[in-house]
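Protein chains get the first letters and strands the later ones, always in sequence-line order, with residue 1 at the start of each.
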There are 2 protein chains.
Amino acid sequence: MKSIDTLLSRLRQRGLRITPQRRVILEFLVNEESHPTAEQVYQRVSSLMPDISRTTVYNTLRELSDLGELAPVQDLSQDGRRYDTSTEPHHHLYCVACHTIIDIHRDFEGMSLSPEEASGYQILSHQATFYGICPDCQSPASVATQAGWTVDPDALNSET
Amino acid sequence: MKSIDTLLSRLRQRGLRITPQRRVILEFLVNEESHPTAEQVYQRVSSLMPDISRTTVYNTLRELSDLGELAPVQDLSQDGRRYDTSTEPHHHLYCVACHTIIDIHRDFEGMSLSPEEASGYQILSHQATFYGICPDCQSPASVATQAGWTVDPDALNSET
DNA sequence: GTAGGTGCAAACAATTTGCACTCTT
DNA sequence: AAGAGTGCAAATTGTTTGCACCTAC
């Protein structure tokens, strides 16, 4: 995400009002790279502004998303929609155990489709996701503490 | 997905019973390439077996998914979890207007991470998603009929 | 002053679960 | 016969909405 000031003026331009709630949400998001869910944003901002409501967090995230200042992340986990503060094209490294996502900001050459492969689709963008196990989750002790998660042993082979 | 018979014997091997409900669900899935949701599977199979319950469909899809015979699809749409009957590694071509997904069964060379980029992750697999607009959705009339969907004009530029 | 924003509670939608009954094995 | 599976209804979870009050502009 850009700086707070850039963002605030963008929102003003689009006719949105700068409320204290929106300000605190944006301040949290600006330096956040963890692809949080609405609930996670709510937890963090409500420690700074205890009376903020979930509704406001949900509404604000949806509005930012509609404006293109925030990108919904496709995610196999069940924890709800996650948001990406990086709206530039990039790729993801995803831990199948703890669902941590790391952004990969680089291009892969050759990652494009021939006209036949595109089946008439007008291609707008593309994104790669690398599935793996993060360093923290590679130690058995750590895996055991991933509440609700057991890593399928079959999944622990090398890349297919 | 493989043939019905292969699937049935696999399930038997794993100790699952072959009920009429599971049979009809599998028969539907075997030749399905549309990445359906549980609800869509339910709609289709309930036309063949009107008394089947959603619970059974949901349970069966989850079991097949746990067994690795079905893969959950990462999907930006809000229509619920979708299932991929192809469990081999492959890529996706996704229509942002109507959410149609087409499988792309080929490899992209160079789509791999250096050790530094992998940040200590043990990589298991990877998948690319190409976002675009399918032929049906490229005609304005068709776009207009996509209930609940408006394609953001900004999104209609060429690939970034 | 006024339209837009907030926050409560209620509505919704997708999925899971508890449980009595049924059917595959 | 025994235990897995089914299907109903109820519970859960993530998210949106209706609406009265509030506040940034």
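If you measure from atom CD of A:E63 to atom C1' of D:dT16, you get 12 Å, rounded to the nearest angstrom. The distance between atom CZ of B:R62 and atom P of D:dG7, rounded to the nearest whole Å, is 15 Å. Taking atom CZ of B:R81 as the reference point, atom P of D:dT13 lies 15 Å away to the nearest angstrom. The interatomic distance linking A:R54 (CZ) with D:dT13 (C1') rounds to 11 Å, in whole Å. The CG-P distance, from B:L16 to D:dT6, rounds to 10 Å in whole Å. Rounded to an integer number of Å, the gap from B:L64 CG to D:dG5 C1' is 14 Å. Rounding to whole angstrom units, CE of residue B:M49 and P of D:dG7 are separated by 8 Å. For B:D51 and D:dG5, the CG to C1' distance is 16 Å, given to the nearest whole Å.
Phosphate proximity of D:dT16 to A:Y58: absent, as no side-chain N or O sits under 4.0 Å from OP1 or OP2.
The C1' atoms of five pairs define one axis at each end of the helix from C:dG1-D:dC25 to C:dT25-D:dA1, and these two axes lie 40° apart (to 10°).
At a non-hydrogen distance threshold of 4.0 Å, A:R17, A:I18, A:P20 from residues 17-25 of chain A come into contact with DNA chain D.
Each of A:G15 and B:T55 lies near DNA chain C, and the nucleotide nearest A:G15 is the one positioned closer to the 5' end. For the pair B:T60 and B:Q78, nearest-nucleotide mapping onto DNA chain D gives the more 5' position to B:T60.
In this structure, the nucleotide among D:dG5, D:dT17, D:dG7 sitting nearest to the side chain of B:S53 is D:dG7.
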> Could you walk me through whether B:L16 and B:L67 pass the side chain to side chain contact (heavy atoms under 4.5 Å, CB included) check?
Replying inline: CA-CA 11 Å; B:L16 298 195; B:L67 294 177; 3.7 Å; yes
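Centroid-to-centroid, the aromatic rings of A:F130 and A:F108 come within less than 6.0 Å.
In the model, B:S34 has a side-chain atom that pairs as donor or acceptor with a side-chain atom of B:E32 under 3.5 Å. A donor atom on one side chain and an acceptor atom on the other are found under 3.5 Å apart for B:Q78 and A:R81. With 3.5 Å as the limit, one finds a donor-acceptor pair spanning the side chains of A:H99 and A:D79.
In terms of heavy atoms, B:A128 sits closest to B:H91 at N-ND1, 2.9 Å. Here the shortest heavy-atom pairing between B:T56 and B:I25 reads O-CD1, 4.3 Å.
The environment of B:Q43 atom CD is dense: over 12 non-hydrogen atoms of other residues, nucleotides or ligands sit within 6.0 angstrom.
The OG atom of A:S9 lies 11.0 Å from the CZ atom of A:R14; values are rounded to the nearest 0.5 Å. Taken to the nearest 0.5 Å, the CD atom of B:Q127 stands 12.5 Å off from the OH atom of A:Y94.
Judged by distance alone, the side chain of A:D75 and the main-chain N or O of A:S77 form a donor-acceptor pair under 3.5 Å.
Using a 4.0 Å cutoff to heavy atoms of chain B, the contacted part of DNA chain C runs 5' to 3' from C:dA14 to C:dT25.
Note on ring orientation: taking the six-membered ring where Trp is involved, the planes of B:H35 and B:H92 are perpendicular (angle over 60°, cut-offs 30° and 60°).
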